[in-house]
Amino acid sequence: MRRLTLTRPDDWHIHLRDGDYLSQTVKDAAARFGRAIVMPNLSPPVVNVQDAERYRTEILQHVPRSFAFEPLMTLYLTPQTVAADIVAAGQSPFIAGCKLYPAGATTNSEAGVSAITQLYPIFEAMQTANLPLLIHGEVTTHSVDIFDREARFIDESLAPLIQQFPELKVVFEHITTQEAAQFVADQGPEVAATITVHHLLYNRTDMLGSGMKPLLFCLPILKRDQHRQALLAAATSGNPAFFLGTDSAPHPRSSKENACGCAAGCYTAHAGIELYAEVFDAAGKLDRLEAFASHFGPDFYGLPRNPDKIVLEEIPWTAPKTLPFGNELLMPLRGGETIAWRLASQSMSSS
Ligand code: NCD
Ligand code: ZN
């Protein structure tokens, strides 16, 4: 049996939700990751330091005693965001960045922005405060085909933004296309991207080719296999611009299996590092996993790497079909199916 010891990884993009949902989401994330960048798309969204600190306190109440999990908080940029919010965020030890959602792009993005250039004064303040900008990079124009929305965003919004703010740290979140991987590889050290494990594992034919699979529906949507392969090449390349962000995004079963519109988001936190190990191993690149999962993220954010380790073992296990989720059920990715790598019990204490 192969064993793999890694510096404890971090998740640079996760949705923990709030209220009753936190007991499951925080337990799963804290068992694997030392830190996680917590997305602010609650309803209502997390828009200022007070909201973020309240939310952080709520999350910390759900961290099991044996872990030293640190939630890194983000603010949700809206047309009402003012420079003073950014200055306050820059001074808070808990805020790691601000998230830009184009209005209508994804779950709980209604409060986002329609005209990105209107936020340029805010980006200026972020550049000064050295606060990273995390971007959901898709255009939302109805006439643009859903499979083309990320690539169009690069030319229409991202490239001009990066040109205007060359010192602003930008994370192009959950990239899904060859174009995005190439664009990020061509930029300087201020620009990075997170890559989810579901975009490394699956393509759009997996989602649509033999009965539509709501569990695989997320945004940005899964693309052709050539894009999955480009993401896999980027993730395993050793380029520090690409690092781990699960985008684990739970929805109750009733919202996923819903004939009136399946909610976008895949829950992967229950196997948040194990599935990446499987993908890297299948590509013959297991030796590149530690840098992608545990080094490049903290290096980009200017934070220390985690001091402790986790251990993975190549012992197949069957993921649960359902998990408790408030009064509802959550269907995790790969539920009822085998996952090739398992978290060893010694990983359970984060001392
Ligand atoms: C996310 C969610 O459910 O909050 N959904 C998703 O499909 N990834 C939002 C997001 O990151 O787009
Ligand atoms: Zn997300």
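For ligands, and for the atoms within them, numbers begin at 1 and follow the listed sequence.
- Within 4.0 Å of ligand 1, heavy atoms belong to protein residues His13, His15, Arg17, Asn41, Thr106, Thr107, His136, His174, Cys218, Leu219, Asp247, Ala249, His251, Ala264, Gly265.
- Residue-level check: among N/O/S atoms of Asp247, OD1 sits closest to the Zn ion (ligand 2).
- The side-chain heavy atoms of Ile122 and Ile86, taken from C-beta on, include a pair separated by under 4.5 Å.
- Side chain of Asp155 to backbone of Arg152: no donor-acceptor contact under 3.5 angstrom is found.
- Under 4.0 Å is where a charged nitrogen must lie from a carboxylate oxygen, and between Glu314 and Arg342 no such pair does.
- Not one N, O or S atom of Glu173 sits under 2.8 Å from the Zn ion (ligand 2).
- A cation-pi contact, defined as under 6.0 Å to the ring centre and within 45° of the axis, is absent between Arg288 and Phe280.
- For Asp186, the CG atom counts as densely surrounded, since its 6.0 Å shell holds more than 12 non-hydrogen atoms of other residues, nucleotides or ligands.
- Between Phe300 and Phe243, the ring planes lie tilted relative to each other; the angle falls in the 30° to 60° range.
- For His174, every N, O or S atom stays at 2.8 Å or more from the Zn ion (ligand 2).
- Aromatic ring centres of Tyr76 and Tyr101: separated by under 6.0 Å.
- Restricting His15 to its N, O or S atoms, the one at the least distance from the Zn ion (ligand 2) is NE2.
- Judged by distance alone, the side chains of Glu337 and Thr318 never bring a donor and an acceptor atom under 3.5 Å apart.
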